[in-house]
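Structure first, commentary second.
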Protein chains: 2
Amino acid sequence: MTTKITAHGAATPAQHLNPSKPHALEHITVVDFTRVLAGPTCTRMLADAGARIIKIERPGTGDDTRAMGPFTADGSSEYYRFANLGKESIALDLKEPGDLAVAKAMIAKADVVVENFRPGVMARLGLDPAELVREHPRLIVCSISGFGQYGPLHMQAAYDTVIQAISGIMDATGEPDGGPTRVGTSISDILGGVFGYCGIVTALTARERTGKGTTVDVAMLDATFSTMEQGLMDALGIHQRPHRIGNRHPSMAPFDTFGCADRLLAICVGNDRLFGVLVDTLGRPELAEDSRFATNVDRTNNQAELKHAMEEVLRTDKAAAWHERLEDAGVPVSLVLNVDDTRGLEHIKVRGMVKEVGGYQVPGNPIKFGAYNSMGTMIPSPELDDHGAALRAEFAPAPGDG
Amino acid sequence: MTTKITAHGAATPAQHLNPSKPHALEHITVVDFTRVLAGPTCTRMLADAGARIIKIERPGTGDDTRAMGPFTADGSSEYYRFANLGKESIALDLKEPGDLAVAKAMIAKADVVVENFRPGVMARLGLDPAELVREHPRLIVCSISGFGQYGPLHMQAAYDTVIQAISGIMDATGEPDGGPTRVGTSISDILGGVFGYCGIVTALTARERTGKGTTVDVAMLDATFSTMEQGLMDALGIHQRPHRIGNRHPSMAPFDTFGCADRLLAICVGNDRLFGVLVDTLGRPELAEDSRFATNVDRTNNQAELKHAMEEVLRTDKAAAWHERLEDAGVPVSLVLNVDDTRGLEHIKVRGMVKEVGGYQVPGNPIKFGAYNSMGTMIPSPELDDHGAALRAEFAPAPGDG
C-alpha cells in the first residue's frame, strides 16, 4: 500500500493523540449500573470522552463478563477488560439498604445514570428512572435494553443473537443460496451502546439550554432496525421483499468481492469512467464496449456475467498484485483482511486505534477532536471493588439519608 | 408472541412519541456539505434531534443518491429520501465566488459544519476545517471519511464495501467453510455517520463549558474496527488469529440458529438453569445429564454434537411452534425475520420505528427521550434547491464579505 502521510487541516497525529489535551467530558460524572456488553460499551465511550464512570457491580462475582472468555494467561477476562476501561469499580448489594443509600448518594451528585437491566428491575430496586429524574431534575437516566422500556415485546429476554435474528440484519446477510448469517461481531449490543451514548450526549447538550434532565430509552432492536438501509428501502419504499445478495451492491456494479489466484479482493466501481480504468487495468478494454456493460444499470443487470469475465482475468494472479495495480490506477479496492492483519496496518497504528493500557493492548477511540484529548481513557479496567473504600468514603450518605 | 403492554417509568408510547414536545437540539444550526450515505446519516440524526440542517448540493444533479435506486413509481430515489429527511436544500457551485460567499455566510452563523469529501477537498474550496474553526472559534467542523484525515491510507478511495473488507468485519462474518461475507447493510457507512454524530454532540456539550469549537475527524475504518469485539479480543488479547464461526457464539452454547421443520430459530442459552429448561421443553431432559453438556464450557466445546441433538428434535415441528413453546418457558428465542416482517411487528409500530413523512414510509428514530420529542423530524427530504431562494435571502453576504 502507498504511504502518503500528508495530513490535512488540524488533523495531524500529534494533535489528535496528544495526551495532554483536556477531555471533552471531564466535567461529567456517570453512575454505571450496566453489565455485559451493550451498557458497558456506552459507558466506555463516556470514559473515552473523559467522564468519570463509577461502575456498580454485584458483590462476589461482579459483572458477568468477568467470568466470560476469552481469558489471558493470568486468568483475567479480555471481554471484561475491553468493555470497562477507565471505570472505577465498587461492589454494592442494591437489595441491602446501606449499599442502596451509597448508590443514591452517588446519583445525587451525578450527571448521568446508565443501566441495562430488564425493564422494571431499576424500579424494584427503588431506582425507577422517571422517579430519579423527578427527584434530581438535571439528571439524565439512560436505559439500554433489547426491546426498550415499552411495547409488546419489551419484557422478552434479549441477547445480541436474538436481536440480530428479529431485526432483519441476519436475514439480509449472506449468499442468496446460503442461509441467514450472523454479523461476525455483536453488532446489536454495540449499536445499543453507541445509540445510548448518542442519546446521553444529546441530552447533556440540551440540558445546557433547558436546565433539565430526562430519561433516555434505547432498544437494541430499534437501533439495529434503523440501520437496515437497503432492506428498508425495498420494504418500505418500493414495496419489494428484500433478499440476500451476497457481497455485491444492490444497485452498482462491479461492486463486490472477486476471486483472484489466492484470495478475495473487494473492487468498487461506481461510474463509467472508473469502469473504463478497471477494464484497461485488467487488460480487457473490450468489456467497456460490450453493450451488456455499457452503463451502471446494464452492469448491475448483468453483474453475474461481468463478475465471471473479471474473475477469468483476476484468477491469473494473486490478489496482492491486482490490489497494487488497481490502486495505482485509482480504482477503489481492498484485500479482505482478517482483523488480526487489520490491527497490524501502519494506518491503524498512527491513528491510535490500538493502544496499550495497563500492559494490555485494547482498541482505541474512533472519535478524534482537534481541541480535545482523542486517545480516550488510558486507565485499565478495574478489579472488582478496586475503588470501593474510596467511593464509600466520598459518598457516605448524610445521616438521615437513604 | 405475547403482548405484554405494561410500560415502565416515563417510557410510555404517548410520552415518547408526543410530537408537541420540544426537540433536544432545536437551537443548533448545521451547514451540511455531505453526500451519499455516511455524512447524510450523521446530519439526518441531527435533524431527528431537531437541529436545522442546511444541505448544500451541486447545481444540476445534487446529491449523487438522487440518481441512485431504488426508485419509487414517481421516479424519486428512496436512497435519497431515507438519508435526507428534515433538511433544507440549496444548490451552490462552491467554485463560484458568489455561491461560496453564501456558504461562508451560513457557516458564520452556524454551530456545526459536516462534510464527507475526500481529505483536502474542503481546503481547496477555501473551507479548510481547521481554518474555519480558527475563524469562528465556537464552530464544530466534523469530517467523515473512509480512512480519516491523516495516516498512510487517508487519500485512498473508500466505499462501504472497501471498508468492510479492510476492517476485518467481512472476514469475521460467515460460515467457517464459506467465504468472507459482507454485512447485509452498509454498516461501515452508517457507523461513520453515527460516530460522526457522537463526535459532534460531544463537542457541543464540551463547548458549553469551554466556549470553544473544534474539528472532529471520524474514519469509517476506525469506527468499524472499533466494533470488532470478539475478533479483537482474540487478536489483541489472547494472541490467537480469529476465524469465522457462522451464527454461533464463541463462548456460549447453545447460542446459535437452529434448523426446524421449515426455517431457522435463534436460541440463546447463557447458563445451566436455562439449559435445563431448554432440554425439558424439547422433551430431551437426559441431555442435561450428559457429561458432554454439563457446563457452558462443555457445551461450547461440544457445540456441534449438541446442535445435532437439538436439531433432531427441532426438525419435527415448525419454527413458530417451537418459538411459542420456548418463549413460554422463558428461553431467549427468536425467529430469523426478513426485515419486511420485522417492520410489520406491532412492537416496531408502537415504538414509532416506521413513520410516514410526506406520504412515504421511512425508518423512525431509535433514541427516545422522556423530556424531548422522540419522533424525529417529520419534514420530507427536499427537492434540489427547494429552499435556495429563501436561504439566499436569509444569508445574503454583507457588502465586502466573501
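Side chains included, hydrogens not; waters and symmetry mates left out as well; all remaining heavy atoms used. Naming convention: chains lettered A, B, ... in sequence-line order (proteins, then strands); numbering from 1 in each chain.
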Is the shortest distance from a Lys or Arg side-chain nitrogen in [X] or [Y] to a carboxylate oxygen in the other one below 4.0 Å?
| X | Y | answer |
| --- | --- | --- |
| Arg182(B) | Asp256(A) | no |
| Arg207(A) | Glu208(B) | no |
| Asp217(B) | Arg351(A) | yes |

Let me know if [X] has heavy atoms under 4.5 Å from chain A in its side chain, its backbone, both or neither.
| X | answer |
| --- | --- |
| Ile187(B) | side chain |
| Ile163(B) | neither |
| Glu26(B) | both |
| Leu191(B) | side chain |
| Ala24(B) | both |
| Met228(B) | both |
| Val362(B) | backbone |
| Leu221(B) | side chain |

Which heavy atom in [X] sits nearest to a heavy atom in [Y], and how many Å separate them?
| X | Y | answer |
| --- | --- | --- |
| Ala235(B) | Arg343(A) | O-NH2, 3.2 Å |
| Ile367(A) | Cys198(B) | CD1-CB, 3.6 Å |
| Asn338(A) | Pro242(B) | ND2-O, 2.8 Å |
| His347(A) | Pro152(B) | ND1-N, 3.4 Å |

What option among Leu204(B), Thr72(B), Val331(B), Leu232(B) has the most heavy-atom pairs under 4.5 Å with chain A? Leu232(B)
Find the one option among Ala73(B), Gly237(B), Pro363(B) whose heavy-atom pairs under 4.5 Å with chain A are most numerous. Gly237(B)
Do [X] and [Y] meet the criterion of a side-chain donor-acceptor pair at a distance under 3.5 Å?
| X | Y | result |
| --- | --- | --- |
| Thr205(B) | Thr205(A) | yes |
| Tyr197(A) | Thr202(B) | yes |
| Thr210(B) | Tyr372(A) | yes |

Taking Gly364(A), Ala83(A), Pro366(A), Ala203(A) one by one, which has the highest count of heavy-atom pairs under 4.5 Å against chain B? Pro366(A)
The criterion is side chain to side chain donor-acceptor pair (under 3.5 Å); which residues satisfy it with Thr41(B), sequence neighbours excluded?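 Counting only residues at least two positions away or on another chain, Thr41(B) forms no side chain to side chain donor-acceptor pair (under 3.5 Å).
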With side chain to side chain contact (heavy atoms under 4.5 Å, CB included) as the criterion, how do Met252(A) and Met68(B) come out once you've worked through the C-alpha distance, each side chain's angles and the decisive distance to 0.1 Å? CA-CA 9 Å; Met252(A) 289 196 280; Met68(B) 285 170 64; 4.1 Å; yes
Contacts of type salt bridge (charged side-chain N to carboxylate O under 4.0 Å, His left out), residue Arg241(A), not counting sequence neighbours: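 In terms of salt bridge (charged side-chain N to carboxylate O under 4.0 Å, His left out), with neighbours along the sequence ignored, Arg241(A) is linked to Asp340(B), Asp341(B).
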Heavy-atom cut-off 4.5 Å, strictly under: side chain, backbone, both or neither for Met122(A) against chain B?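 For Met122(A), no heavy atom lies under 4.5 Å from chain B.
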Taking Thr214(A) for the side chain and Phe369(B) for the main chain, is one N or O donor matched with an acceptor at less than 3.5 Å?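 Such a contact is absent between Thr214(A) side chain and Phe369(B) backbone.
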Is it the case that the side chain of Ser334(B) and the backbone of Ala165(A) share a donor-acceptor pair, with hydrogens and angles ignored and the cut-off at 3.5 Å? no
